[in-house]
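Throughout, protein chains are lettered first and strands after them, A, B, ... in sequence-line order, and every chain is numbered starting at 1.
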Amino acid sequence: MITKQDIDFAINANRKLKEESIILSNLSSTKFREFTKNRLGIEAKKVRISSMKNTKTYDNLLLDARELFELGYGTKFISLCISLKYKMYIHTIFFHKTVQKNRLSFVINDSIFNQLDVICKGRLFYNRIARGIFLSFKCKPLYNLSKNERVGVKIFYDTPGNKIFIKRDDRSSKSLVCGYSDIIISASPIPKNTEKILKFNKNIYTSKNIDVCFEADDFGFDKTDLIDDKNARKLYPHLQKYGFILEKKRITCSDRSCGDLHIYRNGKKYIIEISNVFESPPTDKNYHSAYNRIRDNILGKITRICLLNKCNIIFIFNKTLEDKKIINEDFVRVIEHFKPNLILTTFNDGWEKEVANEIHQLTK
DNA sequence: CCCCTCAAGGGGCTTATGAG
DNA sequence: CTCATAAGCCCCTTGAGGGG
């Protein structure tokens with residue numbers, strides 16, 4: 001079993017090697033022994049690996065090497081890590097010959113998708129300069145987590161290549177990388193069909209949408225922490241008490257026509273859209289334009305969401321909506337056309353409790 | 001915000017060649 | 001025959017920046 005300590009030790013040693021201008025490509029048996037003796041105080045044995053065949057150590061050593069390969073490391077790093085762990089230099093060619101080289105076989109895994117409880121929208125894209133394919137997706141809590149610490153992950157694909165599962169494993173060679181505003185993970189090894197789509201023309205940047213699946217728990221979150229909308233995040237725990245179940249698919253602010261919260265009860269799906277339209281009340285000066293904007297905003301949401309979704313939809317708006325300044329003729333006609341479920345609230349302390357109860361009553 | 005673009009550096013993989 | 005080393009191209013990781 002390769003531990004995080006084994007790997008960190010090797011990473012550190014590699015750093016020290018670089019201080020002496022030795023990169024792994026230049027590491028030789030002599031340099032390794034000199035280095036371990038002088039910098040680490042380790043006396044490495046001089047052993048011919050072939051003489052160890054059929055010993056327990058040899059078997060363990062190979063198991064460790066295979067595990068490292070599965071974690072995404074290559075022969076040079078494996079050579080360093082194993083050499084340090086077993087205190088004897090073993091050249092890269094040995095691992096090249098003994099470790100299975102099909103990385104793809106480790107990452108195709110359909111059954112792992114049974115565990116997921118969160119799905120986010122992601123994209124795979126090809127980076128022409130780096131000549132690699134990468135995954136990019138947004139998830140605020142994960143982004144903040146990986147900003148503060150290295151979050152190692154393994155990735156898995158389903159057979160059709162439409163979904164990618166990320167599983168935390170801090171030993172992995174891959175980690176979540178904070179991009180400009182999103183999380184980036186290198187997506188290799190890439191299933192062949194996906195690779196074809198993205199590398200079809202190397203001069204054109206293309207991307208492919210993909211579902212990013214994971215378990216919230218795996219990264220230390222509750223799945224309700226990952227609800228994107230602030231108000232929906234407050235409301236859901238109270239709905240949960242009434243037996244509503246959160247959809248796995250995460251709604252982000254980019255899904256403008258999807259509402260804020262998707263939940264199920266008794267096999268029925270409900271979409272909830274929450275808008276605190278008076279969060280910052282209009283000032284006296286632009287009084288009229290402000291109310292016009294709010295009216296358009298509300299009508300736009302009602303129209304889009306009602307038109308594009310085929311399930312029960314509940315809108316939660318500010319109670320001030322009853323104000324005559326919002327209700328004009330157009331407003332009345334749109335409301336009469338779509339007949340949306342409307343719940344009005346003050347958004348004062350404790351609103352989420354009252355609203356959850358209203359939703360419960362409304363959907364009985 | 002969404003989607004796209006650019007980049008450095010070094011390990012990964014493979015093979016030839018020679019030493020032990 | 002086994003193992004070590006070097007060399008070279010390929011690929012992966014990490015990271016930044018910006019237009020619309």
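- In summary, D6(A) and K85(A) engage in a salt bridge, as defined by a charged side-chain N under 4.0 Å from a carboxylate O.
- When the side-chain nitrogen and oxygen atoms of S136(A) are compared with OP1 and OP2 of dC3(B), none of them lie within a distance under 4.0 Å.
- To the nearest angstrom, C1' of dC3(C) lies 12 Å from CD1 of I90(A).
- Mapping K31(A) and I49(A) onto DNA chain C by nearest heavy atom places I49(A) at the nucleotide closer to the 5' end.
- Side-chain atoms of S175(A) lie closest to dT14(C) of the nucleotides dT14(C), dT13(C), dT5(C).
- Side chain of Y242(A) to backbone of Q361(A): no donor-acceptor contact under 3.5 angstrom is found.
- Between the CZ atom of R123(A) and the C1' atom of dC4(B) there is a distance of 7 Å, given to the nearest Å.
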With sugar-phosphate taken as primed atoms, P, OP1 and OP2 and all else as base, the protein-contact string of nucleotides 9-20 of chain B at under 4.0 Å (heavy atoms; B, S, -) is --SBBBB-----

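- Salt-bridge annotation for E149(A) and R168(A): present, with a side-chain N of the basic residue lying under 4.0 Å from a carboxylate O of the acidic one.
- Counting to the nearest Å, the C1' atom of dT5(C) and the CZ atom of F94(A) are 17 Å from each other.
- Judged by the 6.0 Å distance and 45° axis criteria, K301(A) is not positioned over the aromatic ring of F315(A).
- Comment: E20(A) does not engage K31(A) in a salt bridge, judged by the lack of any side-chain N to carboxylate O separation of less than 4.0 angstrom.
- For Y180(A) and dG19(C), the OH to C1' distance is 11 Å, given to the nearest whole Å.
- Between K174(A) and dC12(C) there is no side-chain N or O to OP1 or OP2 distance below 4.0 Å.
- Spacing between atom CZ of R131(A) and atom P of dT13(C) amounts to 16 Å, rounded to whole angstrom units.
- Side-chain N/O atoms of S188(A) include one lying less than 4.0 angstrom from OP1 or OP2 on dT13(C).
- Taking atom CZ of residue F95(A) and atom C1' of nucleotide dC3(C), one finds them 13 Å apart after rounding to whole Å.
- Straight-line distance from the OH atom of Y89(A) to the C1' atom of dT2(C): 15 Å, rounded to whole Å.
- At dC6(B), one or more side-chain N or O atoms of R128(A) fall inside 4.0 Å of OP1 or OP2 (strictly under the cut-off).
- D218(A) contributes no side-chain N or O that, together with a main-chain N or O of E215(A), makes up a donor-acceptor pair within less than 3.5 Å.
- Note on I184(A): nothing from the nucleic acid sits closer than 4.0 angstrom, heavy atoms only.
- What separates CG of L135(A) from C1' of dC4(B) is a distance of 15 Å, to the nearest Å.
- Across all their heavy atoms, F214(A) and I166(A) have their closest contact at CB-O, 3.4 Å.
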